[in-house]
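Scope of the values below: all heavy atoms of this structure, side chains included, with no hydrogens, waters or symmetry mates. Both ligands and their constituent atoms are indexed starting at 1 by order of listing.
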Amino acid sequence: MKGKFGQKLKDAKLAVTFRDVILVPNWVEVEPKEIDLTTRATVNHKLNLPFISSPMDTVTEAEMAIALARLGGLGILHRNCSIEDQVKMAAQVRRAESLIIRDVITLSMTQTIGDAIDLMQKHQISGLPVVEGEKLVGLITGRDVRFAHRTLRVGDVMTKKLVTAKEGTTLEEAKDILHTNRIEKLPIVDDNGTLRGLITFRDIMLRGRFPNAARNQEGKLLCGAAVSPFDLERAKKLDKHVDVLVIDVAHFHNANVFRSTKNILKEIKADVVVGNIGTYKAAEDIVTKLERVAGIRVGIGSGSICTTSEVAKAGSPTLFAAAQVADALREHGVDIPIIADGGISGSGDIALALGAGSSTVMMGNLFARCKEAPGNLVAIGGRYYKQYRGMGSASAMARRYSMDRYSVPAKGISEGVEGWVPYKGEVATVVQELTDGLRAAMGYAGARNIPELWEKAEFAVMSSAGIEEAKPHDILLPGEA
Ligand code: XMP
């Protein structure tokens with residue numbers, strides 16, 4: 001025993017984080033605009049940008065998830081709400097756009113034009129196929145109902161001469177058919193005339209407007225949602241609507257959490273991301289004890305709203321966590337994408353996190369600033385801010401659903417704070433700034449793409465004088481005057 005505690009301190013690892021480190025400039029053969037930022041969010045889902053928004057109730061609801069997926073990233077819907085509300089958000093993302101709509105809203109011939117108008121308004125759509133049983137018999141469009149009386153029968157007003165297409169119609173073919181026939185809706189039917197789906201002009205237009213969008217194989221915007229490891233019912237209900245399920249717990253490396261995650265992994269079809277973890281050993285236990293894990297979320301206590309490290313003096317800074325986990329995965333020959341989560345304050349931090357082996361970064365603070373985030377907009381001292389709060393903060397916990405992440409009732413302390421972040425406008429603007437900065441950083445590192453950054457990134461630890469020098473200095477900045 002003699003000398004053991006002293007030795008432990010001597011052996012202490014250096015848990016470096018974003019502020020301590022810089023990327024060392026490298027030999028460069030690539031220009032920033034040629035850099036490829038495509039990556040994987042999970043084993044089966046690709047992104048066109050390495051950005052994921054945090055499952056927090058002031059960051060990601062349907063509006064943020066739709067906007068971010070259209071830009072090429074991914075939103076993870078928060079779980080601080082009822083199962084029904086979270087499923088509703090996921091369904092909203094699903095319906096936002098797709099090449100073929102599968103859950104088509106239909107009418108029967110005996111319904112009235114009033115019913116048709118109500119359905120169109122409720123779902124904000126402009127046309128409804130009419131079916132008898134499952135067979136397609138007509139189509140009602142906005143034009144058909146405009147001057148028709150509400151009490152008329154659908155069967156008397158609908159268009160009966162229909163242009164349809166078969167399953168397997170490509171985007172280009174659909175475009176051609178819509179254009180040639182001057183129509184906006186193209187029902188997909190099988191050989192028996194059964195309605196199988198619907199292609200709309202609007203969805204095709206949206207594809208053109210968002211060529212970089214992250215989509216699943218069906219052409220729908222990619223969507224993720226968070227669940228507690230102990231909420232199998234929520235996981236099962238969301239599974240039908242999302243591509244990615246994130247097991248959302250502050251400290252995943254825990255026997256009970258592993259046990260119940262096993263059940264979720266058995267029952268769920270979506271790609272499952274587990275986390276958060278921060279150590280080599282936790283990653284090793286995941287790859288040896290759990291099957292079908294499709295992503296690992298890393299970093300404990302680095303979040304801008306976290307007080308975990310302060311309260312508990314336990315944690316693993318995101319950069320340190322990413323490197324530990326990436327090494328464990330490599331050494332076990334396992335290819336699972338890493339999500340670096342917490343503490344990202346700009347594009348430089350993103351480059352560092354990716355350089356340390358992660359495939360994407362998760363951000364709460366930077367996305368909470370955007371118009372699409374659900375937090376309230378407030379004016380303070382003539383400037384605009386948005387509300388942002390930790391999911392372990394007292395007020396978020398008061399909504400009971402996130403209690404199990406930070407176990408406040410048991411410990412009687414909160415592990416998060418709430419406050420305001422400066423309002424930045426649309427998420428597209430924030431993403432553009434981050435993308436430009438990330439390309440610049442990867443340019444300095446000489447990396448053409450993210451896997452090349454894993455190989456080429458070289459880090460240097462800065463002294464505290466260096467950290468000061470790296471900011472603007474010896475100049476009076478506007479606003480400080
Ligand atoms: P940023 O730095 O982007 O971090 O604001 C977002 C991440 O922080 C985590 N998170 C919390 N951590 N107490 C914590 O210790 C909390 O109340 C809390 N809420 C969120 C989470 O991983 C998120 O993605």
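- In the vicinity of Ile305, heavy-atom distances shorter than 4.0 Å reach the ligand 1 atoms 8 (O), 10 (N), 11 (C), 18 (C), 19 (N), 20 (C).
- Listed by number with element, the atoms of ligand 1 under 4.0 angstrom from any heavy atom of Met362 are 24 (O).
- The contact set between ligand 1 and Ser304, taken as ligand atoms under 4.0 Å from a residue heavy atom, comprises 1 (P), 2 (O), 4 (O), 5 (O).
- Look at Arg297 and you'll find a heavy atom under 4.0 Å from some atom of ligand 1.
- Note: an N/O pair closer than 3.5 Å links Gly364 and ligand 1 by distance alone.
- At under 3.5 Å, not a single nitrogen or oxygen of Thr307, backbone or side chain, sits near a nitrogen or oxygen of ligand 1.
- For the pair Met56 and ligand 1, the shortest N or O to N or O distance does not fall below 3.5 Å.
- Backbone and side-chain nitrogen or oxygen atoms of Asp341 are examined, and one is located within less than 3.5 angstrom of a nitrogen or oxygen of ligand 1.
- Under a cut-off of 6.0 angstrom, the local environment of OH in Tyr444 is sparse, with at most 12 non-hydrogen atoms contributed by other residues, nucleotides or ligands.
- Looking at Ser393 against ligand 1, only its backbone comes within 4.0 Å, counting heavy atoms.
- Residue Gly301 places every heavy atom at 4.0 Å or more from ligand 1.
- Contact check for Ile296 versus Phe252: no side-chain heavy atoms found under the 4.5 Å cut-off.
- Contact of the Tyr280 side chain with the Glu331 side chain is registered, since non-hydrogen atoms from C-beta on lie closer than 4.5 Å.
- Numbered from 1 in the order shown, with element, the atoms of ligand 1 that lie under 4.0 Å from a heavy atom of Met363 read 3 (O).
- Residues His78 and Glu61 bring a donor and an acceptor atom of their side chains to less than 3.5 Å of each other.
- With respect to the salt-bridge test (charged N to carboxylate O, under 4.0 angstrom), the residues Lys386 and Glu418 do not qualify.
- The CD1 atom of Ile286 sits 9.0 Å away from the OG1 atom of Thr261 when rounded to the nearest 0.5 Å.
- Look at Phe367 and you'll find every heavy atom at least 4.0 Å from all atoms of ligand 1.
- Heavy-atom contacts from other residues, nucleotides or ligands closer than 6.0 Å to CD of Gln7 number more than 12.
- Taking every heavy atom of Glu415 and a limit of under 4.0 angstrom, the matching atoms of ligand 1 come to 13 (N), 14 (C), 15 (O), 16 (C), 17 (O).
- In this model, a donor atom of one side chain and an acceptor atom of the other lie less than 3.5 Å apart for Asp57 and Asn80.
- Each of the atoms 2 (O), 4 (O) of ligand 1 lies under 4.0 Å from some heavy atom of Gly342.
- In this structure, a donor-acceptor pair under 3.5 Å is absent between the side chains of Trp454 and Glu452.
- Of all heavy-atom pairs between Leu71 and Asn212, the closest is O-ND2, 3.4 Å.
- Of the N or O atoms in Gly392, one or more lie within a sub-3.5 Å distance of an N or O in ligand 1.
- Below 3.5 Å of separation, one finds no N or O of Gly303 facing any N or O of ligand 1.
- Ring-plane geometry between His253 and Phe258 is classed as tilted, the angle between the planes lying from 30 to 60 degrees on a 0 to 90 degree scale.
- Residue-level proximity to ligand 1 for Arg389 is absent, since no heavy atom of it falls below 4.0 angstrom.
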